[in-house]
Amino acid sequence: MKKSAAKKILYNVIYAVIAIAVILGAWAISAEAFGSDLILPSIGATFRAFADVFNNSAFYVGIAGTLLRSLIGYAIALALFFVTFYLAVCFDGVRRVIMLIVSALRSLPAVAVTLILLIAVGGSNAPIVLGVIVIYPIMFSSSMSAIVAVPRELKEICTICGASRTRMFATVYMPRLAAGLPESLATAFSYNIKAVIGAEILAQAAYSIGMLMKTAQISLEPALLMAFVIVAVVLSVALEIVIRYSLKLILRNYRE
């Protein structure tokens, strides 16, 4: 068992190294083809720009601001998801209504919604609300897909035995949901950070990675901008991994 786990980790590391090598190779070839750091900065120029990133106190304030917005939006979306998921599972009419709302939310253009939110809730809060709008449908849709295979006979047996809706939710639906929950919630957080940063750029939100990216773009510092993009990607991937494995650990005893 231990050898199998170690082998799996080793393969994951190898695949990650290969993926990074492919990305860096494509980047180097593209930068060479453009031939200008003002269009696409080289790998060397970008990594030299990291000195300016980590020596700038505004960077750490921006990281903190973006993370705070992401966590607030994620917590709101998570609470909304669990409440509506429970209602959708227990009441068929509610499920039909929520599915229509989720479909509408998925079709909303993010840029247009951000512009509306700027007027409605202001530049600091718009990224939070947009994050909720983006990730809530992901959470809800993936979870509904996970429980679609619950046999009707099982639900009928629970009803005949007098099980309440809450008990049926806890004993029938949640164990089925637990298997896919770490993946869907981790992926949702990754999308959340992307949505928040995108809205921060458009809103020019103070104390944010998005604003730092916008400033680098205005100042014609593409290497610095690329450095901020790499930071955002690494942050997103790292937090996604932490959430995924933390949830797997928490839910390991609550699966079918």
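Quick caveat: nothing in here was measured; it's all calculated off a predicted structure.
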Undergrad: Is Val53 close to Phe228 at the side-chain level, that is, under 4.5 Å between some pair of heavy atoms?
TA: yes
Undergrad: Would you name the heavy atoms of Ala77 and Met139 that are closest together and state the gap between them?
TA: O-SD, 3.9 Å
Undergrad: Rounded to the nearest 0.5 Å, how far does CD of Gln217 lie from CG of Leu224?
TA: 12.0 Å
Undergrad: Out of curiosity, Leu235 CG to Ile197 CD1, how far, rounded to the nearest 0.5 Å?
TA: 7.0 Å
Undergrad: Can Leu212 be reached from Val234 by stepping across I, L, V, M, F, W or Y side chains whose heavy atoms are under 4.5 Å apart?
TA: yes
Undergrad: So, the side chain of Ser103 versus the backbone of Met99: is there a donor-acceptor pair under 3.5 Å, distance only?
TA: yes
Undergrad: What's the verdict on side-chain contact (heavy atoms from CB on, under 4.5 Å) for Met226 and Leu40, showing C-alpha distance, side-chain angles and the deciding distance?
TA: CA-CA 9 Å; Met226 185 66 77; Leu40 180 63; 3.7 Å; yes
Undergrad: Count the heavy atoms of every other residue, nucleotide or ligand shown that sit under 6.0 Å from OH of Tyr60, and state whether that count exceeds 12.
TA: yes
Undergrad: Tell me whether Tyr245 is reachable from Val242 by hopping between hydrophobic residues (I, L, V, M, F, W, Y) whose side-chain heavy atoms are closer than 4.5 Å.
TA: no
Undergrad: Between Leu118 and Gly123, what is the shortest heavy-atom contact and its length?
TA: CD2-CA, 3.7 Å
Undergrad: Heavy atoms, side chains only, cut-off 4.5 Å: are Arg69 and Ser124 in contact?
TA: yes
Undergrad: If you take all heavy atoms of Ile193 and Ser70, which pair is closest and at what distance?
TA: CG1-OG, 3.8 Å
Undergrad: Between Leu117 and Val129, what is the shortest heavy-atom contact and its length?
TA: CD2-CG1, 3.6 Å
Undergrad: Around atom OH of Tyr191, are there more than 12 heavy atoms from other residues, nucleotides or ligands closer than 6.0 Å?
TA: no
Undergrad: Looking only at heavy atoms, what is the nearest atom pair of Val102 and Ser141, with distance?
TA: CG1-OG, 3.4 Å
Undergrad: By side-chain hydrogen bond (donor to acceptor under 3.5 Å, both in side chains), which residues pair with Glu240, not counting sequence neighbours?
TA: Ser190, Arg244
Undergrad: Is Val237 reachable from Phe47 through a run of hydrophobic residues whose side-chain heavy atoms are each under 4.5 Å from the next?
TA: yes
Undergrad: For the atom pair CG (Leu68) and OH (Tyr207), what is the distance rounded to the nearest 0.5 Å?
TA: 13.0 Å
Undergrad: Relative to the ring of Phe50, is the ring of Phe54 parallel (under 30°), tilted (30 to 60°) or perpendicular (over 60°)?
TA: parallel
Undergrad: Looking at CD1 of Ile98 and CZ of Phe140, how far apart are the two atoms once the value is rounded to the nearest 0.5 Å?
TA: 4.5 Å
Undergrad: Show your working on side-chain contact (heavy atoms from CB on, under 4.5 Å) between Thr187 and Glu183 and close with a plain yes or no.
TA: CA-CA 6 Å; Thr187 302; Glu183 186 66 34; 3.5 Å; yes
Undergrad: Using 0.5 Å steps for rounding, measure from the CZ atom of Arg106 to the CD1 atom of Ile138.
TA: 9.5 Å
Undergrad: Any link between Leu225 and Ile230 through a network of hydrophobic side chains (Ile, Leu, Val, Met, Phe, Trp, Tyr) touching at under 4.5 Å?
TA: yes
Undergrad: In this structure, which one of Ile128, Val134, Val132 forms a side chain to side chain contact (heavy atoms under 4.5 Å, CB included) with Leu130?
TA: Val134
Undergrad: Listed by chain and number, what are the side-chain hydrogen bond (donor to acceptor under 3.5 Å, both in side chains) partners of Arg48, not counting sequence neighbours?
TA: none
Undergrad: Dump the intermediate steps for side-chain contact (heavy atoms from CB on, under 4.5 Å) on Leu185 and Tyr74, then the final yes or no.
TA: CA-CA 9 Å; Leu185 294 188; Tyr74 189 73; 3.3 Å; yes
Undergrad: Run the numbers on Ser57 and Val61 for side-chain contact (heavy atoms from CB on, under 4.5 Å), then give the verdict.
TA: CA-CA 7 Å; Ser57 59; Val61 176; 5.6 Å; no
Undergrad: Show the nearest heavy-atom pair for residues Gly131 and Ala195, with the distance to one decimal.
TA: CA-CB, 4.3 Å
Undergrad: Is Thr84 close to Ile101 at the side-chain level, that is, under 4.5 Å between some pair of heavy atoms?
TA: no
Undergrad: Taking Val83 as the starting point, is it possible to reach Leu105 by hopping between hydrophobic residues whose side chains are less than 4.5 Å apart?
TA: yes
Undergrad: Keeping Asn56 on the side-chain end and Asp52 on the backbone end, is there a donor-acceptor pair under 3.5 Å?
TA: no
Undergrad: When rounded to the nearest 0.5 angstrom, what distance separates CD1 in Ile18 from CD1 in Ile23?
TA: 12.0 Å
Undergrad: Could you tell me whether Phe82 and Phe85 have their ring centroids closer than 6.0 angstrom?
TA: no
